[in-house]
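See below for the structure under consideration.
To find a chain, count down the sequence lines: A is the first, B the second, and so on, and within it residues start at 1. Owing to the predicted nature of the structure, the values given are computational and were not obtained by experimental measurement.
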Protein chains: 2
Amino acid sequence: MQITLKDIARMADVAESTVSRALNNKPGVGEDTKLKIIKIAKKHNYRPNQLARGLAANKTNMIAVILSEMDSPGNIEIVKSLEKAAEKNGYQIILCNTNNQTEKEKSYLTLLESNQVDGAIFIGGKLVEGHLLRASFSPENNIVLVNRLAEENFFTSVLTDYSQGVYKAVGHLLDQGFENIALVGGEDYNLIEEEKSAGYKAALIDHGYQINEDLIFSIKADRKSGYNVFLEIIEGDIIPDAFISTSELTTIGLVEAIKMGGYFIPDDFAVVGYGDNILTSVIDPPLTVLSEPVDALADYSFNFLLKLINKKMKDQQIKVLTPELIIRESSISKYN
Amino acid sequence: MQITLKDIARMADVAESTVSRALNNKPGVGEDTKLKIIKIAKKHNYRPNQLARGLAANKTNMIAVILSEMDSPGNIEIVKSLEKAAEKNGYQIILCNTNNQTEKEKSYLTLLESNQVDGAIFIGGKLVEGHLLRASFSPENNIVLVNRLAEENFFTSVLTDYSQGVYKAVGHLLDQGFENIALVGGEDYNLIEEEKSAGYKAALIDHGYQINEDLIFSIKADRKSGYNVFLEIIEGDIIPDAFISTSELTTIGLVEAIKMGGYFIPDDFAVVGYGDNILTSVIDPPLTVLSEPVDALADYSFNFLLKLINKKMKDQQIKVLTPELIIRESSISKYN
DNA sequence: TTGTAAGCGTTATCAC
DNA sequence: GTGATAACGCTTACAA
């Protein structure tokens with residue numbers, strides 16, 4: 001058995017409440033008794049039972065970070081940034097990976113509903129469904145969404161403005177003289193894809209171009225689908241001269257397919273990818289990418305959550321951040 | 001306030017214990033009362049407070065997976081595999097990233113010591129230090145180490161046989177006619193590096209070659225260090241014709257440096273990298289790698305932990321798994 | 001089959 | 001400044 005507060009109390013010959021006060025730095029303990037207690041606790045390597053503590057105080061100082069996708073380097077970066085913020089504020093993070101499975105999300109949601117964590121940050125994922133929505137109705141459930149949309153925006157959220165991002169990318173490619181720009185987005189289960197194509201269309205129109213719906217592709221957000229979509233495209237009627245790929249892994253697959261086909265980037269096809277990470281930077285040639293403001297996403301979401309936990313959030317907050325276009329070789333026309 | 005077991009009991013007009021039994025599928029409840037209780041619980045979306053439950057039953061059905069390094073795709077694969085195993089067995093995983101910081105590891109260790117989790121799996125990291133060792137003395141602390149060594153092997157562990165791996169890699173490169181093989185390993189803070197160089201030396205000797213200590217490099221296990229070490233090497237007296245790089249990220253940096261220097265792989269330098277993951281497969285040319293048996297690592301470690309938790313582990317167990325050499329272009333001599 | 005009550009290890013509210 | 005004691009929400013003997 002582990003040593004408990006009661007044991008310490010006995011050894012120090014004081015009441016349990018005194019031990020609790022002493023060990024938690026609360027007022028109302030004599031300096032000398034306090035020191036005595038701390039000494040004994042240290043000597044016996046006392047560790048408060050956090051379950052009991054959480055039960056009594058209704059506070060665990062832990063938050064859950066619920067990841068939709070662990071293979072995305074961007075998400076990992078957000079997590080690392082969140083960890084720093086949490087540490088600074090005395091919170092521990094527990095990470096939960098759902099792999100985009102609603103069932104797993106539900107099961108991790110019980111961490112919140114059963115008071116094991118003080119709040120949760122959801123990173124990415126499908127359009128918010130019933131279970132999450134329902135959970136959000138309880139004011140005890142402190143929830144912040146990152147890069148995730150709901151039909152009705154009940155949630156405190158931090159979002160990347162994908163529309164803006166794609167808009168920028170299209171503008172850049174047009175500037176470079178590419179005129180048949182294909183948009184390779186994800187499957188439309190989260191409204192975010194609609195945003196992307198909205199940005200795409202707006203940019204083309206604003207620059208005086210026509211929209212060709214056949215150049216908009218919706219595929220699964222993985223590497224293989226990125227690869228396959230290229231094979232499909234070059235069999236098609238209208239061959240683009242540039243690609244905007246809006247997910248990290250499809251970008252990889254797309255580039256692989258282009259190179260495997262014996263084509264050159266950017267000479268045959270320009271590419272704007274997604275995510276300024278080790279993957280896109282390792283690839284040859286260096287990829288122009290839309291880059292998420294990962295640190296800002298983490299900072300805002302953590303601070304929002306803190307406010308929710310401390311009941312300091314007056315109105316619902318939504319923060320929208322703009323991705324950056326990082327221009328490298330893959331989108332620079334040789335005719336420029 | 002959330003609804004509690006007590007509330008359900010009142011609504012169903014039965015005792016709390018009956019509710020508990022009904023909801024936990026324990027014997028000793030009439031089928032009809034059971035159904036009634038379950039119905040009420042469902043109707044009110046009852047979620048047992050896991051803190052209270054854990055406190056009372058001394059069991060949380062959660063395990064901690066403590067990651068030394070989140071940027072390593074291999075580790076991520078192990079985690080994903082562990083998640084599957086956990087789910088199958090009714091456990092939830094909480095992920096903790098230490099970034100190789102002892103302080104963070106200590107703080108996550110309290111999850112175990114304060115009974116918030118039933119056990120912990122440590123993946124990678126430095127040579128086991130005092131805090132972990134001390135924790136392991138308590139039989140309540142169920143600990144399994146993956147790819148991590150301790151001076152004294154008190155721990156239930158699952159290990160990759162790096163020595164074997166490097167041995168294979170050297171053999172392969174010699175077969176291909178490369179004779180000046182450099183070993184680029186990590187800093188020697190975890191004994192694992194010693195294993196690697198042991199395998200390296202043994203292979204050379206067994207094949208009748210001499211060992212040149214100047215061809216063994218110990219660097220930080222990140223991309224930049226991998227890059228820099230190449231620049232350093234080509235300035236040196238003895239230029240290798242092949243590299244074995246034993247960490248995922250240094251492999252990336254090394255390859256970048258070689259290509260940046262205008263050299264070709266494998267024509268100028270053969271490369272055997274580490275980790276069969278998206279990074280090493282994206283790189284041009286396709287990399288020969290030593291590949292960890294990630295699924296087996298996960299399976300063994302989870303099953304070991306389960307046995308520990310259920311007190312079914314008789315003697316301390318150590319399982320050693322051999323990495324696979326996956327041969328691709330980067331190590332195939334053109335003179336063969 | 002069901003209820004009573006003790007107990008898990010804390011914190012918090014009172015008295016003193 | 002300190003000590004009793006209730007409370008947190010659940011599980012589990014034991015009794016009925």
Side-chain angles (χ1 to χ4, degrees), chain A residues 1-38 40-41 44-62 110-118 138 140, chain B residues 1-38 40-41 44-62 110-118 138 140:
Chain A
M1 279 312 301
Q2 293 219 33
I3 194 167
T4 71
L5 190 145
K6 193 188 254 169
D7 300 325
I8 306 270
R10 201 166 5 83
M11 292 190 271
D13 200 29
V14 295
E16 295 180 39
S17 46
T18 307
V19 177
S20 175
R21 280 189 287 256
L23 261 25
N24 289 300
N25 258 319
K26 299 224 167 147
V29 202
E31 199 55 33
D32 37 351
T33 33
K34 182 168 174 177
L35 287 178
K36 180 171 73 173
I37 290 169
I38 290 179
I40 295 183
H44 292 82
N45 193 31
Y46 167 69
R47 293 270 178 276
N49 182 320
Q50 300 293 348
L51 295 176
R53 193 204 270 250
L55 183 58
N58 202 26
K59 178 107 175 69
T60 61
N61 278 303
M62 309 217 311
T110 58
L111 286 174
L112 245 193
E113 300 181 316
S114 67
N115 303 309
Q116 288 178 98
V117 295
D118 297 337
S138 283
E140 289 98 46
Chain B
M1 278 313 300
Q2 294 218 32
I3 195 167
T4 70
L5 189 145
K6 192 188 254 169
D7 300 325
I8 307 270
R10 201 167 3 83
M11 294 188 271
D13 201 30
V14 295
E16 295 180 38
S17 49
T18 307
V19 178
S20 174
R21 283 188 286 256
L23 261 25
N24 289 299
N25 258 318
K26 299 225 167 146
V29 201
E31 199 55 33
D32 35 352
T33 33
K34 183 167 173 176
L35 287 177
K36 179 172 72 173
I37 290 169
I38 290 180
I40 295 183
H44 292 83
N45 193 31
Y46 168 70
R47 294 271 178 274
N49 182 321
Q50 300 292 349
L51 295 177
R53 193 206 273 252
L55 184 58
N58 202 26
K59 178 108 175 66
T60 62
N61 278 304
M62 309 218 308
T110 58
L111 286 174
L112 244 194
E113 299 182 317
S114 66
N115 302 309
Q116 288 179 95
V117 294
D118 297 338
S138 282
E140 289 99 43

Requested in this report: For A:Ala56 and for B:Asp32, locate the closest nucleotide of DNA chain C by heavy-atom distance; then report the residue assigned to the nucleotide nearer the 5' terminus.
Outcome: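 Looking at the nearest nucleotide for each, B:Asp32 comes out on the 5' side.
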Phosphate OP1/OP2 of [N] contacted by [X] side-chain N/O (<4.0 Å):
{"X": "A:Lys26", "N": "C:dA12", "answer": "yes"}
{"X": "B:Tyr46", "N": "D:dG9", "answer": "no"}
{"X": "A:Ser17", "N": "C:dA12", "answer": "no"}
{"X": "B:Thr18", "N": "C:dG3", "answer": "yes"}
{"X": "B:Ser20", "N": "D:dT11", "answer": "yes"}

Query raised in the report: When we call it a touch if two heavy atoms are under 4.0 Å apart, what does B:Gly28 touch: a base, just sugar-phosphate, or nothing?
Result: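 The answer is base, as B:Gly28 lies within the cut-off (heavy atoms under 4.0 Å) of a base atom.
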Query raised in the report: How would you label the contact of B:Asn24 with the nucleic acid (heavy atoms, under 4.0 Å): base, sugar-phosphate, or nothing?
Result: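 Counting heavy atoms under 4.0 Å across all strands, the contact made by B:Asn24 is with sugar-phosphate only.
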Among [options], the nucleotide that comes nearest once only the side chain of [X] is considered:
{"X": "A:Thr33", "options": "D:dG9, D:dT2, C:dT10", "value": "D:dT2"}
{"X": "A:Ala15", "options": "C:dG7, C:dT2, D:dG3", "value": "D:dG3"}
{"X": "A:Ala57", "options": "D:dG9, C:dT10, C:dT11", "value": "C:dT11"}

Nearest whole angstrom, please: distance from the [atom2] of [N] to the [atom1] of [X].
{"X": "A:Glu113", "N": "D:dG9", "atom1": "CD", "atom2": "P", "result": "16 Å"}
{"X": "A:Arg53", "N": "D:dC8", "atom1": "CZ", "atom2": "C1'", "result": "15 Å"}
{"X": "A:Asn49", "N": "D:dG9", "atom1": "CG", "atom2": "P", "result": "16 Å"}
{"X": "A:Asn115", "N": "C:dT10", "atom1": "CG", "atom2": "P", "result": "19 Å"}
{"X": "B:Leu55", "N": "C:dA6", "atom1": "CG", "atom2": "P", "result": "17 Å"}
{"X": "A:Glu16", "N": "D:dA6", "atom1": "CD", "atom2": "C1'", "result": "12 Å"}
{"X": "B:Asp7", "N": "D:dG9", "atom1": "CG", "atom2": "P", "result": "9 Å"}
{"X": "B:Leu5", "N": "D:dT11", "atom1": "CG", "atom2": "P", "result": "6 Å"}

Report task. Tell whether A:Arg21 reaches the base of D:dG3 with its side chain through a donor-acceptor pair below 3.5 angstrom. Result ->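 Per atom types, the contact qualifies.
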Backbone N or O of [Y] within a donor-acceptor pair of the [X] side chain at under 3.5 Å?
{"X": "A:Asn24", "Y": "A:Lys26", "result": "no"}
{"X": "B:Ser114", "Y": "A:Arg47", "result": "no"}
{"X": "B:Gln2", "Y": "A:Glu113", "result": "yes"}

Query - From CA spacing to verdict: side-chain contact (heavy atoms from CB on, under 4.5 Å), A:Tyr46, A:Leu5 - result: CA-CA 8 Å; A:Tyr46 167 69; A:Leu5 190 145; 3.7 Å; yes
Requested in this report: Give a yes or no on this: more than 12 heavy atoms of other residues, nucleotides or ligands lie within 6.0 Å of atom NZ of B:Lys59.
Outcome: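 Count over threshold, so yes.
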